[in-house]
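The block underneath contains the structure these notes are about, expressed in structure tokens.
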Amino acid sequence: MPKYRTAQIRNLALMGHTGSGKSSLIEALLFRAHAINDRGRVDKGTNHADFTAQEQAHHHSLEPSFLSLDYQHHHINLIDTPGLADFFGRALLPLPAVESVMLVIHAEHGIEAVTQRAFEAARHQGKAIVIVINHIDDNLDRLEALVDQIQTRFGPGCLPINLPTAEGDGVVDCYFQPEQTPTLFSDTASVHDELVDTVLEEDEALMELYLEQGESLDPKQLHEPLETALRAGHLVPICFTSAERDIGLSALLRVVCEVMPNPLEATPPAFLKGWGDEEQAITITQNADDHVLAHVFRVGIDPFVGRMGVLRLHQGTLTQGMRLLIGDGRKPFKVNHLFKLQGAKQIEVEEAVPGDILALAKIDGLEVDAILHDSHDEDLYHMPKLDMPQPIFGLAVKPKKRGDEQKIAEVLHKLVAEDPSLHIEHQENQNETVLQGLGDMHVQIALEKANEVFNVDMETAKPTVAYRETITTGADGQHRHKKQTGGAGQFGEVSLRIEPLERGAGFHFESQVVGGAIPGQFIPAVEKGVREAMNQGFLAGYPMQDIKVIVLDGKHHSVDSKEIAFVAAGKKAFLDAVAKAGPVILEPLVDMHVQVPQEKMGDITGDLSALRAMVCGTEALANAQVDINVEAPLAALDDYATRLKAMTGGEGQYSMTFSRYEIAPPNVQQSLMH
């Protein structure tokens, strides 16, 4: 493998709705760059991105895969991400590792639900975006309207950087050396001028030169303001391709190499040092000669290969044989093997430079978001946590065979280590363990992997809906715990106040005790008692949230006061306050997008209203489809997939994401308390 410098590296995550052609596009680009000898197909399970048995069986990308190619003295890392809404959390994992997102849109289907979410996530992370309209060969009559739709939805800065030829059998450059070849719509000169004007808005001096002297500017002069425009999202290039028919591939590779930012030009990586009040932003050098600094953004666990971590090297030179630290760990590990991943293949390399994406295997301490470094100076470095989607679907799981409880617990934690958008919740009051995910398929695929890869079989059942409890007003509570058992007794007294917090705020605890009424070493015990009470709930056994607890006063005994006494006193004082604070049950609401044929819209909205859903808006889509945006209580959507299929003859689809918790209607609260 040839050596390359940081400035020659390009890192891109391919994102977009399922079926847009991300995996096929990667396959075509790899073949065009001679990185593979045989071109595989998604429908036959032979493409290099979808190499796991699950992906080949389901004909969908289910987790990020990593491939790379060398093209005209550039090294391009491509990350294929899942396009199903259920796996959007997995699609987000690579974002901290890349400078750019290649947003792939199917020319026939237009902007779909995951496309919208991917664009928003990329901009939130400050990533440069290039939009690729794929499958243009069979959809030439739709392309101009699709560009208009993209500009309406994502902004006027979304501009074609090339255009399809009039016959649709190739593309015409509009930026580097605009040609006069007839195009399908618009013309290269006006598109070129619009691109240049957008770029020049980032550089006033260059703009004046351009306007006053009428000088033409070549791409090299425009490069710096171009990168500024990409970082700020003021420019989003649009390219046209057909991966199946090899249209626009060389033009796309040129855009990747000459337009999209290298690691030194992109939005700087967001490193932080310290925690809490001492946390501060850190600017790293990205220099190959400085301390090693790498971020693990993906972990895979295999019963045969062991734990493999995929990392982005941000600073320093990583070599085989060197010793690294994980986070603030004291014990270093040795880098015995350093890999580049090429789909299922692991290609061993001796060293790597900043900006590259690599993998380490059989290192037990590797976790998602771990920071690897070679100096204790970076012990407290970390990166901001990704905003992962909230899980909205769960299945209660238990072992089919008695005695497998520990084995199941270990496998569940491995699944969550690989995919942080999966959650495990132990619901003590219901005596059940619930595996939660972003949808039915998300959870089912995880359980399928547990069975096929880790040889663990589980029984599943519909879990209780994840209701929560909270309070509606402030109140005071007090309790004295006193117990005499013959020897030393137990004594602790706590007075506290509780106040409601805004939705989603969680739990805040503080102490205003003065004069040592409760010795400082017992304050954590009071908090422990409060947390126990919150976990057990008050009205119907659901965990409590969005509550602030202030410990005001108390009493202690020099001999009989101990931790257990203040745990009990804190718990009872909290429950005393809750009883006076207007406790209520909260239900989870989800934001849904339901896509159906226009003629079915009335039936669908009527049915949704019967499920206590509120229609928030509608949008006309291509192919006489309509997108209905609704907010609905999760509990009412248990069999919605079946209902939608029955009402639309299988033509409807929907996706949903957690929205927030709100107070449940009185009749729902009453039913839950009986």
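The figures that follow rest on heavy atoms only: side chains count, while hydrogens, waters and symmetry mates do not. Keep in mind it's a predicted model, so treat the numbers as computed, not measured.
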Give, for atom [atom1] of [X] and atom [atom2] of [Y], the distance between the pair rounded to the nearest 0.5 Å.
| X | Y | atom1 | atom2 | result |
| --- | --- | --- | --- | --- |
| N629 | T618 | CG | OG1 | 9.5 Å |
| Q342 | F51 | CD | CZ | 10.5 Å |
| H109 | I105 | NE2 | CD1 | 12.5 Å |
| L438 | L84 | CG | CG | 11.0 Å |
| L143 | I150 | CG | CD1 | 9.5 Å |
| D38 | N47 | CG | CG | 13.0 Å |

Please say whether more than 12 non-hydrogen atoms of neighbouring residues, nucleotides or ligands are located less than 6.0 Å from [atom1] in [X].
| X | atom1 | result |
| --- | --- | --- |
| H376 | NE2 | yes |
| E350 | CD | no |
| D141 | CG | yes |
| E224 | CD | no |

Q: Starting from the C-alpha separation in whole Å, work towards a yes-or-no answer on side-chain contact (heavy atoms from CB on, under 4.5 Å) for F297 and V310.
A: CA-CA 6 Å; F297 63 93; V310 186; 3.6 Å; yes
Can you see whether [X] engages [Y] through a side-chain donor-acceptor pair at a distance of less than 3.5 angstrom?
| X | Y | result |
| --- | --- | --- |
| T285 | Q315 | yes |
| H442 | D419 | yes |
| H75 | K3 | no |
| N162 | D173 | no |
| E112 | Q116 | no |
| E348 | H337 | yes |
| H234 | E201 | no |
| S242 | D137 | yes |
| D369 | H382 | no |
| S190 | D193 | no |

Q) For the ring pair H314 and F271, is the centre-to-centre distance below 6.0 Å? A)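 When the ring centroids of H314 and F271 are compared, they turn out to be within the sub-6.0 Å range.
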Flag the pair [X] and [Y] as a salt bridge only when some basic side-chain nitrogen lies within less than 4.0 angstrom of an acidic carboxylate oxygen.
| X | Y | answer |
| --- | --- | --- |
| E202 | R231 | no |
| R39 | D246 | yes |
| E27 | R32 | no |
| R298 | E63 | yes |
| K340 | D356 | yes |

Any heavy-atom pair between the side chains of [Y] and [X] that's under 4.5 Å?
| X | Y | value |
| --- | --- | --- |
| D203 | M207 | no |
| L358 | F339 | no |
| M308 | L341 | yes |
| T115 | L103 | yes |
| V98 | I79 | yes |
| L222 | V196 | yes |
| V259 | I161 | yes |
| R90 | L62 | yes |

Q: Before giving the answer on side-chain contact (heavy atoms from CB on, under 4.5 Å), spell out for V292 and H373 the whole-Å C-alpha distance, their side-chain angles and the decisive distance to 0.1 Å.
A: CA-CA 5 Å; V292 167; H373 53 101; 5.7 Å; no
(Q) Among L318, L325, L293, L360, exactly one meets side-chain contact (heavy atoms from CB on, under 4.5 Å) together with L372. Which residue is that? (A) L360
Q: Can you run down the salt bridge (charged side-chain N to carboxylate O under 4.0 Å, His left out) pairs that involve residues 248-267, sequence neighbours left out, and say none if there aren't any?
A: R254-E258
Q: List the steps and the verdict of side-chain contact (heavy atoms from CB on, under 4.5 Å) for V296 and I326.
A: CA-CA 10 Å; V296 178; I326 303 176; over 6 Å; no
Q. Where is the tightest heavy-atom contact between H295 and P96, given as atom of each residue plus distance?
A.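 Reported closest heavy-atom pair: CE1-CB, 3.9 Å.
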Q. Which pair of non-hydrogen atoms, one from V42 and one from S24, has the smallest distance, and what is that distance?
A. CG2-OG, 3.6 Å
**Q.** Lys/Arg cation over aromatic F88: R117, 6.0 Å, 45° cone
**A.**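 Ring-cation test returns yes.
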Q: Report the relative orientation of the aromatic rings in F185 and F240; use parallel for angles under 30°, tilted for 30 to 60°, perpendicular for over 60°.
A: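 F185 and F240: perpendicular rings.
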Q. Would E619 and R153 count as a salt bridge (charged side-chain N to carboxylate O under 4.0 Å, His left out) if you check the C-alpha gap in whole Å, the side-chain angles of each, and the deciding distance to 0.1 Å?
A. CA-CA 11 Å; E619 180 183 0; R153 188 80 67 88; 2.5 Å; yes
